[in-house]
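What's counted below: heavy atoms across the whole structure, side chains too, no hydrogens, waters or symmetry copies. A note on names: the letters A, B, ... follow the listed sequences, proteins ahead of strands, and every chain is numbered from 1. Worth saying up front: this structure is predicted, and the values here are computed from it rather than measured.
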Amino acid sequence: MSTLDQTAHSSHDHDDHGHGGHHYHQPSTGEILGAMLTFSRDHKIIGLQFLFTTLIMLMVGGALALGVRWQLAFPFQRMPILGDLFFGSQGGVIAPETYTMLFTMHATVMIFLVIIPILAGAFGNFLIPLMIGADDMAFPLLNALSYWAMLPAIFFFGLSFFYGGGPAGGWTSYPTLSALQTAAPGSGAAQTCWLLAVTLVGVSSMMGSVNYMTTIINMRAPGMTLFRMPLTIWAMFITAILQAFALPVLTAAGFMLLSDRSFGTCFFVPAGIVVNNAAPTVGGGQTLLWQHLFWFYSHPAVYIMLLPAMGMVSDVMSCMARKPIFGYKPMVYSLAAIAGLGFIVWGHHMFTSGMNPALGMSFMVSTMMIALPSAVKTFNWLGTLWGGRIQFNTPMLNAIAFISMFVVGGLSGIFMAAVPVDIYFHDTYFIVAHFHYVLFGSTLFGVFAGITFWFPKMFGRMMNETLGKIHFVITFIAFNGAFFPMHLLGIAAFPRRLADPYHYPSLEHLLSLNQFITISAIVMGFAQFILLFNFFSSIFIGKKCGRNPWNANGLEWSAPSPPGHGNFESLPVIYRGPYEYSSPLTEKDYLMQTEYIPKSSQAAVAPTGH
Amino acid sequence: MRRFWPLFFLAWPIIAIVWSWLAPYYGWWFHKPAQSPLGQEIDNLFYLILIIVTTVFVGVNMALVYVLWKFSSTTPGEKGTFTHGSHILEMVWTVTPAGVLLFISLYQMDVWARFRMVQTFDKQALAHPLAEVTARQFEWRIRYPAPGRNFKNKAEIDEWLKHPSPDDVYTVNDLHCPANKKVLIHLRTEDVLHSFFIPDLRVKQDAVPGLVIPVWFEASKRNQYDLICAELCGWGHYKMKGRISAESEADFAKYLHALAQRQADDGVPAKVETKEGEGH
Ligand code: HEM
Ligand SMILES: [Cu+2]
Ligand SMILES: [Cu+2]
């Protein structure tokens, strides 16, 4: 009870600061778009700033990927359009060092400028206060800074392209390739820019993370107990905790690498290393230390790139199946278990690295165990659909695709978690298949579900359903066409990160399969223009909608669409969890969190047990 | 449309399974079955996991398509079943996969231990290292001990790894070894990370700056195998190609002898050997 009182209090404090019901102003589309160009501290505007930026970056990352795919399908042949545009001096041909840059920057852009900021930055910002009944984030200024810190990061990533053809150490930046300036054309100033940019992304994430934790703990509206929070909020909360604990390690490692490069500290460089006939290093360091530190962050980071999508998909699915989430608490606990276990599995990226083989065994067991909460979640999603009234609209289709693809990604993880099998699969296309099924197949379809589901709340208009479905169908088919065969490539030992693998006699025959993949990837890339068109045109011409177009339960749907500054006209009071669809307490098939039903009429029906 | 979507989500797992089923006939599968005894065990583990995983994949997709088929609705406002979950089901689907996953991981331990735990390595192979392989951008440098050289103890091997002997035999990118015998190399790198990957033998080990890592393998057929660098090492990573030639014990002895003789007789530095090695 005491938590309840506290939340009530803190919300009241904020009311005193003037976001009450008195001067509620609902912004027009023009006002929203205008505010996005300013240093706004409104969480919704910041969320939209993140969303627009990441959508643009998605296209940049996609273009880089098409470069990679072109080279693998038509090695050292002129690439039309993009090749002519960017590598005109090379006759439109992708040189090997350009190829290493392309996959490095593709991964970098997608991870650091798309997936992480679109989940936490865009959806986290937009949804957290709305879904817990707060008028804004706890620290609005910090929140704005977390967006604006992204811009110098983008600037430094952009700048890195202009030195030595761009960073080319892979997104993992393993030393000594990344530590010694002479190791590769891209290991000079480009690598320094890259490290600075990643650090800035980290600063941005950290400011967000602190804010989300504080907001969720302190600013829930009266009645919004922890176990009445939507799973999206639970996922954002746990993600914020993950970031708070994992990021400092990456930041520290990044500074160590920077100082290795700039001051010759040799944290990661052993003695006597001779690169490109440069003088031997003085050394004293350990290259494996970087891998440990990097993955200590980056494994939790893959869950930072997934958990929020899991939460959003749960919300969409419950709403579109008109049915309570099956096993709400197991869903929360499994999110927490994934996060907890996520800290003790990093070594599964290092099975062949030469670390103590006994460690390999323990990391194998912990990694296998992390598949367990993922399985539990999958079964609970199926349970949620079971007995529902499933509506196949765009958000729901993308959410179903999430499950369907997540199953593949989770199952392929089991092969790689098994150390002996991973000896073979490590650094082949099997890995590439795995993480695209989880990062694109799951997270990005989850994001598509999120965008189409909450778009009406963002702009007060609906997205076009037909275009949405066309985008979904093409993306789904082309996605599987592009990534499913990569499992087969991996089984055939096709290594990742090779500019031209076909001179190996045992890999020669894989060219045709790669061409098929590339064609699928091109189709998939172009299909995203449908999404962009649908998104941007609907802002202006989409069908107008009211507060609650999906007949959903969540608190955000009780605010006007789009909500004005301060979100709610009056302080909302929460009476139940967000998943009471088809409740017998009411005639309707949904029951909003804010709807009061007197005790007397509740007693008339059977207890709900929630 | 109500029936279209379940079928849509049914189509893709079916295509995936048929595709994987046909893949071996198109060469989209292991290039060859493992050509080494340990590799065969790795293959067996792979197929065991494949069976388990395929079963789960089929089961989950059937369940998914079934619920989509059965519970789709076009009537707005229609109510679904009002339930918040089932304790028993949660227990079942937590404990069962936990058991399966634990089984899989314990079942892998032995093969891993034999691949990587030095205590389990073949004593003979440890005592008579085949060669030292030094990766560098972008080639594999190979140094054999002089033909017939016997190391007295581990200390002498360590000494040999630190300080080459004058009678060592050098070559590049072409590692010969006797077939049907466990052989051991000491893997190191001069500059950045590389990875020593022989797909047909199911062997992979990173070469790490500052470390010397013993790696053993056994080719069960006299044949030549691709040696691929599997860890990004710079712009020329893709062309860091080597070859393993497994031959009879006698042929191998002859090869090494000839190599040593050529190197010693005319006094031409190893460079010439290099050219010839690459020319194959
Ligand atoms: C079901 C649970 C999962 C298991 C058992 C698992 C296992 C693994 C293993 C063992 C590796 C390393 C393979 C290697 O490099 O040899 C790996 C790589 C990877 N996993 Fe997973 N994984 C799981 C889920 C996920 C999820 C949910 C994500 C992201 C949302 C993810 C993202 C990645 C990424 C990005 C890599 C590759 C990183 C790189 O090398 O560039 N995984 N996974
Ligand atoms: Cu991981
Ligand atoms: Cu390499």
Novice: Within 45 degrees of the ring normal and closer than 6.0 Å to the centroid, is that where the cationic atom of A:K469 sits relative to A:F472?
Specialist: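 Ring-cation test returns no.
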Novice: Measuring heavy-atom distances to chain A, does B:E41 have an atom under 4.5 Å in its side chain, in its backbone, in both, or in neither?
Specialist: neither
Novice: Tell me, side chain or backbone of A:L510 under 4.5 Å from chain B's heavy atoms, or both, or neither?
Specialist: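 The answer is the side chain of A:L510.
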Novice: What part of A:F103 gets within 4.5 angstrom of chain B, counting heavy atoms only: side chain, backbone, both, or neither?
Specialist: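 For A:F103, the side chain is the part near chain B, not the backbone.
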Novice: Quick one: what part of A:N277 sits under 4.5 Å from any heavy atom of chain B, side chain, backbone, both or neither?
Specialist: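 When you check distances to chain B, only side chain atoms of A:N277 fall under 4.5 Å.
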Novice: Could you tell me whether B:K241 and B:D226 make a salt bridge, using a distance below 4.0 angstrom between a side-chain N and a carboxylate O?
Specialist: no
Novice: Side chain, backbone, both or neither: which part of B:I213 has a heavy atom under 4.5 Å from chain A?
Specialist: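 Side chain only.
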Novice: Tell me which one of B:R188, B:R141, B:K162 satisfies salt bridge (Lys or Arg N to Asp or Glu O under 4.0 Å) with B:E132.
Specialist: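 Among the candidates, only B:R188 passes.
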Novice: May I ask you to check whether B:H84 and A:E580 show a side-chain donor-acceptor distance below 3.5 Å?
Specialist: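 A:E580 and B:H84 do have a side-chain donor-acceptor pair below 3.5 Å.
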Novice: Is the closest basic N to carboxylate O distance between B:D191 and B:R136 below 4.0 Å?
Specialist: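 Salt bridge between B:D191 and B:R136, a charged N being under 4.0 Å from a carboxylate O: no.
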Novice: Is it true that B:E78 and B:S73 share a donor-acceptor pair across their side chains at a distance under 3.5 Å?
Specialist: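 There is such a pair between these side chains.
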Novice: Which region of B:L102, side chain (C-beta onward) or backbone (N, CA, C, O), has a non-hydrogen atom less than 4.5 Å from a non-hydrogen atom of chain A, or is it both or neither?
Specialist: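 Looking at B:L102, backbone and side chain both touch chain A.
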Novice: By a 4.5 Å heavy-atom criterion (distance strictly below it), what part of B:I49 contacts chain A: side chain, backbone, both, or neither?
Specialist: both
Novice: Would you tabulate the side-chain donor-acceptor contacts of residues 61-68 of chain B under 3.5 Å, counting partners in other chains and residues two or more places apart, or write 'none'?
Specialist:
residue, atom, partner, partner atom, Å
B:N61, ND2, B:F57, O, 3.0

Novice: What residue, out of B:M109, B:H87, B:M117, B:K239, has the most heavy-atom pairs lying under 4.5 Å from chain A?
Specialist: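 Looking at each option in turn, the highest pair count goes to B:M109.
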Novice: So what's closer than 4.5 Å to chain A heavy atoms on B:L227: side chain, backbone, both or neither?
Specialist: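 Only the backbone of B:L227 comes within 4.5 Å of chain A.
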Novice: Below 4.5 Å from any heavy atom of chain A, which atoms of B:F46 appear? Answer side chain, backbone, both or neither.
Specialist: both
Novice: Is a side-chain N or O of A:K323 found less than 3.5 angstrom from the main chain of B:T81, in a donor-acceptor match?
Specialist: no
Novice: Side chain, backbone, both or neither: which part of A:Y502 has an atom under 4.5 Å from a heavy atom of chain B?
Specialist: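 Neither; nothing under 4.5 Å.
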Novice: Going by atom types alone, do B:S195 and B:D206 pair a side-chain donor with an acceptor below 3.5 Å?
Specialist: yes
Novice: Can a salt bridge be assigned to the pair A:D589 and B:K79 using a cut-off of 4.0 Å between side-chain N and carboxylate O?
Specialist: no
Novice: Identify which part of A:M396 has an atom lying under 4.5 Å from any heavy atom of chain B, answering side chain, backbone, both or neither.
Specialist: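 For A:M396, no heavy atom lies under 4.5 Å from chain B.
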Novice: Chain A heavy atoms under 4.5 Å from B:F115: which part of the residue, side chain, backbone, both or neither?
Specialist: side chain
Novice: With only heavy atoms counted, which part of A:P270 is less than 4.5 Å from chain B, the side chain, the backbone, both or neither?
Specialist: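 Answer is side chain: those atoms of A:P270 sit under 4.5 Å from chain B.
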Novice: Can you tell which part of A:S412 gets under 4.5 Å to a heavy atom of chain B, answering side chain, backbone, both or neither?
Specialist: neither
Novice: Hey, which of B:C233, B:P97, B:G77 has the most heavy atom pairs under 4.5 Å with chain A?
Specialist: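 Among the listed options, the one with the most contacts to chain A is B:G77.
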Novice: Would you mind checking which part of A:A358 comes under 4.5 Å of any heavy atom in chain B, side chain (CB onward), backbone (N, CA, C, O), both or neither?
Specialist: both
Novice: Let me know if A:V408 has heavy atoms under 4.5 Å from chain B in its side chain, its backbone, both or neither.
Specialist: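 Just the side chain, heavy atoms under 4.5 Å.
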Novice: Chain B heavy atoms under 4.5 Å from A:N551: which part of the residue, side chain, backbone, both or neither?
Specialist: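 When you check distances to chain B, no heavy atom of A:N551 falls under 4.5 Å.
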Novice: Please list all pairs passing the side chain to side chain donor-acceptor pair (under 3.5 Å) test where one or both residues lie in residues 6-27 of chain B, with sequence neighbours left out.
Specialist: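 Non-adjacent pairs meeting side chain to side chain donor-acceptor pair (under 3.5 Å): A:S404-B:W12.
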Novice: Please indicate whether B:K70 has more than 12 foreign heavy atoms, meaning atoms of other residues, nucleotides or ligands, lying under 6.0 Å from its NZ.
Specialist: no
Novice: Take atom CD in A:Q286; do more than 12 heavy atoms of anything else shown fall under 6.0 Å from it?
Specialist: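 Check fails, neighbour count at 12 or below.
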Novice: Where does A:S506 contact chain B at under 4.5 Å (heavy atoms): side chain, backbone, both or neither?
Specialist: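 Its backbone and side chain both get close to chain B.
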Novice: Less than 4.5 Å to any heavy atom of chain B: does that hold for the side chain of A:A418, its backbone, both, or neither?
Specialist: both
Novice: Counting only heavy atoms closer than 4.5 Å, note whether A:L397 contacts chain B via side chain, backbone, both or neither.
Specialist: both
Novice: Which bit of A:E508 comes within less than 4.5 Å of chain B, counting heavy atoms only: side chain, backbone, both or neither?
Specialist: neither
Novice: Do B:D200 and B:H31 have side-chain atoms, one donor and one acceptor, less than 3.5 Å apart?
Specialist: yes
Novice: Ring centres of A:F415 and A:F430 under 6.0 Å apart?
Specialist: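 Yes, close enough.
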Novice: With a 4.5 angstrom heavy-atom cut-off, which part of B:L201 approaches chain A: side chain, backbone, both or neither?
Specialist: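 Looking at B:L201, nothing touches chain A.
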Novice: Select one option (side chain, backbone, both, neither) describing which atoms of B:Q205 are under 4.5 Å from chain A's heavy atoms.
Specialist: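 It is both, since atoms from each part get that close.
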Novice: Name the region of B:V203, side chain, backbone, both or neither, that has any atom closer than 4.5 Å to a heavy atom of chain A.
Specialist: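 Answer is backbone: N, CA, C or O of B:V203 sit under 4.5 Å from chain A.
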Novice: Heavy-atom pairs under 4.5 Å with chain A - which of B:W93, B:W235, B:W28 has more of them than the others?
Specialist: B:W93
